[in-house]
Structure formats: structure tokens, C-alpha cells
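Written out below as C-alpha cells is the structure these notes cover.
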Number of protein chains: 2
Amino acid sequence: MPAKPMATPAAGTSSASITNVAALANVSTATVSRVLSGKRAKDDDIARRVRAAASALNYSVNYAASALRSDVTNTIGLIIPSATESLSAQLLDELEQLVDVESQQLLLGIGRDQATQTERMESLMARNVDGLIIIAASGADLAAPLERFAQQTPIVQVGGRQRSFRTSMVSIDENAAMEMTVRHLVSSGVRSVAYLAGKEVSFESAELFAMFHTQMRSYSLATANDWNQFGERTVQRGFHCAMRLFGYGREEITDDFRARPDALICCDDTVAFGAMIALDTIGLRIPQDVRIVGYGDSPLAATTMPQLTSLRPPVGQIAAEARRLIAAGPASPAHITLPPQLVVRGSTTVG
Amino acid sequence: MPAKPMATPAAGTSSASITNVAALANVSTATVSRVLSGKRAKDDDIARRVRAAASALNYSVNYAASALRSDVTNTIGLIIPSATESLSAQLLDELEQLVDVESQQLLLGIGRDQATQTERMESLMARNVDGLIIIAASGADLAAPLERFAQQTPIVQVGGRQRSFRTSMVSIDENAAMEMTVRHLVSSGVRSVAYLAGKEVSFESAELFAMFHTQMRSYSLATANDWNQFGERTVQRGFHCAMRLFGYGREEITDDFRARPDALICCDDTVAFGAMIALDTIGLRIPQDVRIVGYGDSPLAATTMPQLTSLRPPVGQIAAEARRLIAAGPASPAHITLPPQLVVRGSTTVG
DNA sequence: TTGTAAGCGTTATCAC
DNA sequence: GTGATAACGCTTACAA
């Protein structure tokens, strides 16, 4: 059975090109392109022949050639401050799964500051990514490059404060988070609450702090100025704060009940871990004497004793929305806010 | 001043192509290509003119066209089990910095099992990555695809056991890790040690377990079969193990000194955290009564009290070696082993 | 050293 | 709906 001219460049190696497939299927390269890219509805004999030939030759499109001609790279750019940061890592995992479904791939840029992130944006744009997803570094002002590139490709900003009418934004509804946290505590009998806030980008923290006080008032809960404070997201900080708040031990708590909160809201699981250690040291029981809520639902939250109630960022939804907004194109920017999920565990419920 | 024909497509937008630059600099596109890609040594007037024109037009090469013609994509593929896994995340951060220096970019694939990882390898290879770096998922056997693709592009495997003569491998010298850990403990007066090993891929753990015993013998240290065990890498596990080992409290320790180890080697920082909590609960002091060493140098290790001595994986070196091996091409596979760094903190030293 | 021109593999356009 | 053909923007023989 003599092969047609040009039919086979060692069938099985990956170096087959569209002309080989076309020759083997006895159609033109144009038809092959149309069939394989789904631009041709029918599933007739021709379509089957093309697909058969393609798989026989182990053919896959040359992305470079395709991108050159069609300006579609099937590549999504993702810029994050660091892969070791929890939200970024989770988003990476979720996004990778989603984009793979559409046989797209993630091109990664990592930058901890404004300058580096801007540079990465430029690099990725130079590669003609089909979309850009960005978690801005803490304190970075990316307004200018965002504005500039938004005209060329859809951009989705995840979290952060900087609003732009050209780029989309998907963020966590921190106010809802605070509301559901307080509501949960109230429903389990809490009367007074302390808040160990995060200190970083001040505006965001300040807003949350205000929301905390709003919730305190609306549920008629007690709090005190010197209970609440801004600070780092470390175990150490949680430990010190809890020691300061509860340091006198159990006996004295009963003497002066109102001088101590019966619940602690922490800006981060790590802070909660520290507080748990401190309470354990002091001899106060969780949740009987003090209830604790963390933030982030770190993997370690399920391994403490008791397990830590925590707010889980809606990363799956964030990824899905980001994906959707990019598919929608640069013309229709939207701002979306998603509430986290309160994962209730032993640190706020008895039994 | 009439522009030369073809000179400017709205100078400033990014749609400038090499022909525009050539026209503006009054040279051929070939020369522009040579100058900008560094294939032309001299820094004469021509070179300057070309660079000036390029920057005036805000020109950057079209990667798709470049890749199509030259088969170099300036793209490195990276496959990891999950971005939320510590080693993967750190490697991501380190690699991204390194490849950026050569204006390459990372194309990411994430897969937790053999099937997914194999599929991601195929996707990335289909994109003609210039190299592939892989952290194999626990228990995944990638021998077949590795062997297959190693002929087309340089591949570096990070960690793991599967050896191949076609692919390079960079891994952590766990035996050296065990050796330096024990040596450090000995130098601080420890006489008996318990080892809380990791349980996963059994072969690796078993080898380390053997190395532990070798070190015990060579330093004449005491250990007991029921002190050491395999298990999960969780806080909970560390807590339970330590309670089991030390549960009787301080008084009894002094009664039956040799029945308790005076140091704990943990397969993971999380296990060490759990053990620290347990010891605190029991009333034993770290490091005076028990010394503890973790593994992984997690960010939390520096926030415990006392801070945790831990082994830091040589991620920076791993990234650099991987990068180098990929630059070297597929023809020269090498197997490299790098020792971790022992970060000594308060959990093993007084003061 | 420089310019000319031929591709790289694909998709879009245009006839049919 | 299909096939011929012209781009897409770049790199690299080859010729000058």
C-alpha cells in the first residue's frame, strides 16, 4: 500500500504537521484546521477521517504557529506576590484545573513589590496572553499598567482595593465574613468579643475594624478598646495578645468577669494558633472558657486541639469567576464580591 | 519631517513589528534581529540606531513568530503536585526569579497523581517548552513519559526516587540531613533520641529510618524500638506521639531517666509543633528537658516558643541546578544531591 | 558585516 | 462546505 506523497514523517513521533494529516485524510489543510478547531459542525465522514488521521500520526497543533496566525495563545497569565502565600497557592491550584479544561495553560509571574509586578505584567503581555489574573502585592499601586494593558487583554484583579473601570475585580467579602463570624459567636452564647486585627494595608484593616464595631453594636456585644489591636499575622503575636488579655488565669476571670472577652476573633489562623497555646498555658479551656475563630482555614486548622473554627476564602469560586471574566473579553469589566465560608469546628462549639 | 514609508504604526502602541524597527533604523530586518538577539557583538552606530528605534517604537519581539521560526520558546515547564505543598511553592518562587533573568517564563502544570501529571507533561511538551522540571506526585510512576520526552527536551526531576539515565535529577541529601541533625544533637549533650518518621512512599522513609539507626550506633546514642514510629505529618500526630513518650510528667522522668529520650527528631515541622504543645502541656521544658528538631523550616518554625530548630531544604540551590541542567541540554543528564541546611534555634540550644 | 529571501505551521480569506 | 493561497512576524542560510 504505497503512501501518498508527504503522508508520513515517521508516524508516531510528534513531528507531524497539519499537511501530513491533510494528506493522510485526503483533504486540504484548511479542512483539517476547521475540523480540529471545532469550526465545522458536522460529524460526517470527512470529520472522522481527519480525526483518525490526526490520531494515527499523533498530531497536535503547533501552538506557536497557531498563535502567530490567530493571535490566540491559549495562555493565561497569572501574577502573584509569592507561591508560599496561602491565597496565591490555593488560587494556583484551582486555576490550573480550570484552565486545563479548555486546554489553556498558566504562565506564571511572581513579584513581591510594585516594580517587579509591573515588570512581570509587561513580560506576560509581551507574550500575548489571552488574559491576566493578578493578586497585587501588599501596597503595590498597579493602576497605571493595569489601565494601559486593559485595552489589549482582559484583566482580572483578585482581592485588593484598587478599582478601575477597565479591569475586572473579584474579591472576598470581608464585611460578610465579619458579620457571619459574629453571628455565629452570638448564636453560641458569646457576650463579649476581642478582635486581633491584621495591620498591613491600613485602609482594608481599618474598614474591617469598623465593621467589627458595627457588628458589636448591632448584636449588643461588649468589647473594650484595649482588647482589640492591630498587629502581625504570627503565632507569636497571638500568644502575646492572649497572654495579655487572659494572663491572670482562670480564678480571677470569675472574679472580674467583664474584664475578659469570652471570644477571640483572629485575623489569621496563625494568630489563633498562638492564642490557643497561650490559653492552654494559662489553663483556660477552649471553647468552654474562650471561643476562638481564625481566618484562612489553613491546613493546620484541622489538626489543632480542639480543631479551629475558621473562615475559608472562596478560592474555587474566585478562580471560576476570574476564568469566566477573562473568557468574556476586555470589553465587559465587572466587580464581583464573594463571601467566605465559615467552617465551624471545635474551637467554637462544645461536643 | 516626512516619515519613511512603513516607519510608524502609531508609535507607542505595542503593535510595532521588526519591519517598523528596521525601517526607522534604516537597516534590514535581519540586522535588527541580530542586534536585538545579541548575535552581533559590536556596539557601533548601527547597533545603537537599532536599539533606539526599538525603544522608540516600544518594540518587543513576537514570541510566537520567534518560536515558530527558531524552535526556541523561552519557556520552561514546571510540573508540581500542588502549589500548597511547601517544597513546590518554594521552588516556584526561586525558579521564577531565575528564569526571568534569562527572560524565560514558567508554564505551570499541576497534578496530584500519575495520570494527571502524565497528561500535564504531554500538554507542556506539545507547547515545545525548552525544558521540563518535575516534582513527581507521591507514588507516581512517570518512568515511561520521562523516557519518551527526554529525547526531545531536557528534563530535570526534583526529589523522588525514580532514576533514569536520560533525565537529570536534583534531590535533597536526606542521609546528610540525618547525619547533621544527630551530630548537632550530640554536640549539645544529647544521649538518647526518638525519631518520629514520615510514613508515605515507604522506600524513602525506610531508608531514612535505617540511616537514623546507623547514626545512633555511630555516636553510641540510645534509642528504643517503641520510641520510633512512622506516621502522618500532622500537628495531631506529633502531639499524640509526644504524649505517649513523655506522658507521665516531669517527676517520673527523673525517676526512670533512661525510659525517656532527651531529644526528638521529627519528619516535619508540623509534627514538631504538636510535640511542643504536648511537652508544654505535660510541663517539660524545651530545650532543657527535651530537644526538638523539625524538618522543612516552615515559616511558623520561627514563631513558636522557643523557636524551632529545623532543616531547611536547599531550594535555592535546587532551582539553580535545575536551571543549569536545562540550559545544558538533553544530551548531558546528571544526578545531583544537595544537603539541606540545619537552622539552629531555641529548641535545641539554651540561651 | 549586511541585505535578500525562503521558510516555520497555522488560520483567514477568497473563490468555487 | 471545500480547497487553494496568502498572510502572521520572525530567524537564518546564502549571497553580496
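Naming convention: chains lettered A, B, ... in sequence-line order (proteins, then strands); numbering from 1 in each chain. This structure is a prediction, so every number in the text was calculated from the model and none was measured.
Comparing the helix axis at one end of the helix from C/dT1-D/dA16 to C/dC16-D/dG1 with that at the other, each defined from 5 consecutive pairs, gives an inter-axis angle of 30° (nearest 10°).
Judged purely by atom type and a 3.5 angstrom limit, A/S123 uses its side chain to pair as donor or acceptor with the backbone of A/E119. Proximity of a side-chain donor or acceptor of A/Q317 to a complementary backbone N or O of A/L338 within less than 3.5 Å is not detected. No donor-acceptor pair under 3.5 Å is formed between the side chain of B/T75 and the backbone N or O of B/V129. Between the A/R51 side chain and the A/L36 main chain, no donor and acceptor come within less than 3.5 Å of each other.
Atom P of nucleotide D/dG1 and atom CG of A/D44 are separated by 10 Å, given to the nearest angstrom. Taking atom CG of residue A/D45 and atom C1' of nucleotide D/dT2, one finds them 15 Å apart after rounding to whole Å. Between the P atom of C/dT1 and the CZ atom of B/R49 lies a distance of 16 Å, rounded to the nearest Å. Between A/N20 atom CG and C/dC8 atom P there is a gap of 12 Å when expressed in whole angstrom units. Remark: P of C/dA12 and CG of A/D71 are 10 Å apart, rounded to the nearest angstrom.
Of the N and O atoms on the side chains of B/S82 and A/D93, at least one donor lies less than 3.5 Å from an acceptor on the other residue. With 3.5 Å as the limit, one finds no donor-acceptor pair spanning the side chains of B/T118 and B/Q114.
A 4.5 Å side-chain heavy-atom check between B/L87 and B/E85 finds at least one atom pair inside the cut-off.
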* In sequence, state the C-alpha distance, the side-chain angles, and the governing distance for B/E122 and B/R148, and then conclude on salt bridge (Lys or Arg N to Asp or Glu O under 4.0 Å). => CA-CA 10 Å; B/E122 283 159 359; B/R148 179 151 58 102; 3.2 Å; yes

* Structure fact -> Quick tally for nucleotides 8-16 of chain D: nucleotides whose base has a protein heavy atom under 4.0 Å get B, sugar-phosphate-only ones S, the rest -, giving BBBBBB---

